[in-house]
Amino acid sequence: MPIFERPDLESLPPLRQRWTPLYLEHGRLEVDDSGVKWIGADYLILPIPVATVSALLLGPGTTVTHAAIKACAECNTSVCWVGADGLRFYALGVTTTHDNANARHQVACYSSRTKRTEIARKMFARRFPGVDVSAKSLDELRGMEGQRVRNLYGELGLKYGVTWKGRRYSPENWELADEINQAISIANAALYSLCTAAVCTLGYLPQLGFIHADHPLAFVFDIADLYKHATSFPAAFQSISVNPRPTTNDVLAILKLHFERENLIRRIPDDIKELLG
């Protein structure tokens with residue numbers, strides 16, 4: 001039986017020094033020769049250095065062995081199960097951290113109404129550089145954010161020559177959405193997966209959001225919204241400009257370039273730390 005030697009936590013690279021997530025579908029993840037490898041349905045065999053990957057996104061047609069999941073957990077590498085077309089986020093494998101200091105700090109911030117409002121305003125302030133948000137209510141800021149996003153969609157449509165008719169899609173009626181709405185949903189889902197992996201790997205609680213509420217991934221949505229304008233939104237419009245009917249892999253390939261250009265893996269830990277003070 002292959003044996004994966006558990007590394008010391010102190011020897012593992014922090015999240016900011018890891019690769020962007022790997023998306024895998026239609027194949028098998030297992031341990032062989034003391035390492036994790038991917039065996040694709042197309043007979044591709046790919047060794048995966050799980051200790052240096054930020055997260056593995058497992059799509060449809062994926063099987064995984066107990067030993068492979070154990071190896072990922074021991075390397076503090078998140079494993080996310082995502083749905084067809086990258087639209088749905090189903091589950092996250094629990095990863096270990098050194099301690100629960102970040103979770104305790106997040107809870108302390110969340111439990112203080114004053115601190116919670118302050119952090120929400122700091123998140124909005126990043127969307128509106130040069131605008132004084134200190135005197136505005138959170139409802140006013142949510143309204144401003146909605147208008148900003150609508151304007152951004154229009155600007156990206158003009159930039160990439162993509163017809164934009166509005167954000168309209170339903171997970172229950174996926175096929176009824178036009179190509180650009182599907183591409184946005186695919187890119188957003190991948191961004192959520194990356195942010196979920198980052199939040200959990202760093203030891204924060206995805207359920208405790210400062211802007212979003214009543215959702216198990218509320219804090220993930222808070223963090224992901226900081227980067228949509230520079231990653232998932234332009235990646236979706238760009239993919240349509242290249243191919244009017246892009247595949248999921250087409251969208252994710254372009255999105256990966258935006259992740260790398262924005263140094264997202266390096267930025268997320270520092271941004272969360274700055275926001276929570």
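Owing to the predicted nature of the structure, the values given are computational and were not obtained by experimental measurement. We number each residue from 1, following the sequence as shown. Quick note: numbers below take in every heavy atom, side chains included, and nothing from hydrogens, waters or symmetry partners.
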With distance as the sole test, does Arg18 use its side chain to make a donor-acceptor pair with the main-chain N or O of Val53 at under 3.5 Å?
yes
Might you point out which heavy atoms bring Ala125 and Val133 nearest each other, and give the distance in Å?
CB-CG2, 4.0 Å
Can Arg104 and Asn100 be counted as having a side-chain donor-acceptor contact under 3.5 angstrom?
yes
Non-hydrogen side-chain atoms of Leu191 and Phe259 separated by less than 4.5 Å:
yes
Enumerate, atom names and distances included, each donor-acceptor pair closer than 3.5 Å involving a side-chain atom of residues 207-220, sequence neighbours excluded.
residue	atom	partner	partner atom	Å
His212	ND1	Asp222	OD1	2.7
His215	ND1	Leu217	N	2.9

Does Phe124 have Arg121 sitting over its ring (NZ/CZ under 6.0 Å from centre, angle to axis within 45°)?
no
Given the rule that I, L, V, M, F, W and Y join up when any side-chain heavy atoms are under 4.5 Å apart, are Ile254 and Tyr192 in one cluster?
no
Apply the test salt bridge (Lys or Arg N to Asp or Glu O under 4.0 Å) to residues Lys228 and Asp225: give CA-CA distance (whole Å), side-chain angles for both, the deciding distance (0.1 Å), then the verdict.
CA-CA 5 Å; Lys228 285 180 178 178; Asp225 280 354; 3.1 Å; yes
For atom CZ of Arg261, decide whether the heavy atoms of other residues, nucleotides or ligands shown that lie under 6.0 angstrom number more than 12.
yes
With the threshold set at 4.0 Å, does a side-chain nitrogen-carboxylate oxygen contact exist between Asp139 and Arg142?
yes
Is there a continuous path of hydrophobic side-chain contacts, each under 4.5 Å between heavy atoms, that joins Val251 to Val242?
no
Can you name the closest pair of heavy atoms from Leu194 and Ser54 and give their distance?
CD1-OG, 4.1 Å
Can you confirm whether Thr163 sits close enough to Asp178 that some side-chain heavy atom of one is under 4.5 Å from a side-chain heavy atom of the other?
no
Can you find a heavy atom in the side chain of Pro234 that is under 4.5 Å from one in the side chain of Tyr160?
yes
Please examine the side chains of Tyr110 and Ile119, heavy atoms only from C-beta on, and report whether any two atoms are closer than 4.5 Å.
no
With a 3.5 Å distance limit and no angle check, can you tell me whether Arg167 reaches the backbone of Asn181 through a side-chain donor-acceptor pair?
yes
Cluster check Tyr153, Phe128: I/L/V/M/F/W/Y, side chain < 4.5 angstrom
no
Let me see the working for Arg116 and Leu138 under side chain to side chain contact (heavy atoms under 4.5 Å, CB included), right down to the final yes or no.
CA-CA 11 Å; Arg116 188 163 71 242; Leu138 295 187; over 6 Å; no
Any pair with a residue in residues 29-54 that passes ring pair (Phe, Tyr, Trp, His ring centres under 6.0 Å), sequence neighbours left out, goes on the list, sorted by first then second residue, please.
none
Would you please test Ile186 and Leu255 for side chain to side chain contact (heavy atoms under 4.5 Å, CB included) and show each step?
CA-CA 10 Å; Ile186 291 169; Leu255 179 62; over 6 Å; no
Could you check if a side-chain atom of Ile184 sits within less than 4.5 angstrom of a side-chain atom of Phe237, using non-hydrogen atoms only?
yes
Do side-chain atoms of Thr52 reach the backbone of Pro49 as a donor and acceptor pair under 3.5 angstrom?
yes
Asn102 versus Gln106, side-chain donor and acceptor atoms under 3.5 Å:
no
Can you confirm whether the side chains of Ser239 and Asp250 place a donor and an acceptor under 3.5 Å from each other?
no
Between Asn249 and Thr247, does a side chain to side chain donor-acceptor pair (under 3.5 Å) hold up when you go through it step by step?
CA-CA 5 Å; Asn249 286 337; Thr247 66; 5.3 Å; no
Do you see a donor-acceptor pair shorter than 3.5 Å between the side chains of Tyr227 and Asp271?
yes
Would you mind reporting whether Ser78 and Leu56 have side-chain heavy atoms less than 4.5 Å apart?
no
Sole candidate of Arg127, Lys136, Arg150 that passes salt bridge (Lys or Arg N to Asp or Glu O under 4.0 Å) when paired with Glu145:
Arg127
Do the non-hydrogen side-chain atoms of Val199 and Ile268 ever get within less than 4.5 Å of each other?
no
Evaluation steps, side chain to side chain contact (heavy atoms under 4.5 Å, CB included), between Leu29 and Thr65:
CA-CA 6 Å; Leu29 193 69; Thr65 66; over 6 Å; no
If you take all heavy atoms of Ser232 and Asn188, which pair is closest and at what distance?
OG-OD1, 2.7 Å
Does the distance from a Lys or Arg side-chain N to an Asp or Glu carboxylate O, for Lys115 and Glu118, drop under 4.0 Å?
yes
Roughly how far, to the nearest 0.5 Å, is SG of Cys75 from CD1 of Ile48?
12.0 Å
In Å, rounded to the nearest 0.5 Å, how long is the span from SG of Cys80 to CG of Leu57?
5.5 Å
Can you check whether Cys109's main-chain N or O pairs, donor with acceptor, with Ser112's side chain at less than 3.5 Å?
no
Please report the closest heavy-atom contact between Ala71 and Val31, naming both atoms and the distance.
CB-CG2, 4.3 Å
Residue pair His229, Val149: steps toward the side chain to side chain contact (heavy atoms under 4.5 Å, CB included) verdict:
CA-CA 8 Å; His229 72 284; Val149 171; over 6 Å; no
Linking I/L/V/M/F/W/Y whenever any side-chain heavy atoms sit under 4.5 Å apart, do Leu257 and Val162 land together?
no
Check ion pair Lys159-Glu155 (N to O, under 4.0 angstrom)
no
Can you check whether Leu276 reaches His105 side chain to side chain, under 4.5 Å on heavy atoms?
yes
Kindly give the heavy-atom pair with the smallest separation between Ala68 and Glu30, and that separation in Å.
CB-CA, 3.8 Å
Output for pair (Leu58 CG, Leu24 CG), nearest 0.5 Å, gives 6.0 Å
Joint hydrophobic cluster, Met123 plus Met144, side-chain heavy atoms closer than 4.5 Å:
yes
Nearest heavy-atom contact between Asn243 and Pro246 is O-CD, 3.0 Å
Hey, is Glu274 close enough to Arg126 for a salt bridge, meaning N to O under 4.0 Å?
yes
Is Thr62 reaching over with its side chain to a backbone N or O of Gly27, donor-acceptor style, under 3.5 angstrom?
no
